[in-house]
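Below: one structure, written as structure tokens.
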Amino acid sequence: MADAWQSLVIVELFASFDGLGYLMTWGRQLFQLELVIVAMIVIAAIGLSLNAVLGYLEHFIQPWKTEARHDR
């Protein structure tokens, strides 16, 4: 999932006219640093949210894996 999220943002940086990657590129071209930083924070927040949701789902779908991590 992390690779898919990174790929999406990278593709938006280079070949899109919508999305957070394009927003970062547009803000960079207009020298609007605050726009670039806000887009970076939103990308990070979405990535962290995806990680948390998938970790929560993994706990219920594969409980034997999460128990093995806690035993270490």
* Structure fact -> Apart from Ile41 itself, its cluster of hydrophobic side chains linked below 4.5 Å comprises Leu33, Ile37
* To do: Can you sort out the partners of Ile10 under side chain to side chain contact (heavy atoms under 4.5 Å, CB included), two or more places apart, ordered by chain and number?
  => Phe14
Would you give me the side-chain donor-acceptor pairs under 3.5 Å for residues 17-28, sequence neighbours excluded?
from	atom 1	to	atom 2	distance (Å)
Thr25	OG1	Leu13	O	3.4
Thr25	OG1	Gly21	O	3.1

* Among Val9, Val38, Leu8, find the residue that satisfies the side-chain contact (heavy atoms from CB on, under 4.5 Å) test when tested with Ile43. => Val9
* To do: Please go through Tyr56's hydrophobic cluster and name the other residues, only I, L, V, M, F, W, Y counting, with side-chain heavy atoms under 4.5 Å joining them.
  => Phe60
* Asked: Who pairs with Val11 by side chain to side chain contact (heavy atoms under 4.5 Å, CB included), at least two apart in sequence or on another chain?
  -> none
* Return the set of residues passing side chain to side chain contact (heavy atoms under 4.5 Å, CB included) with Gln32 (not counting sequence neighbours), or none when no residue passes. => Leu30, Glu34, Leu35
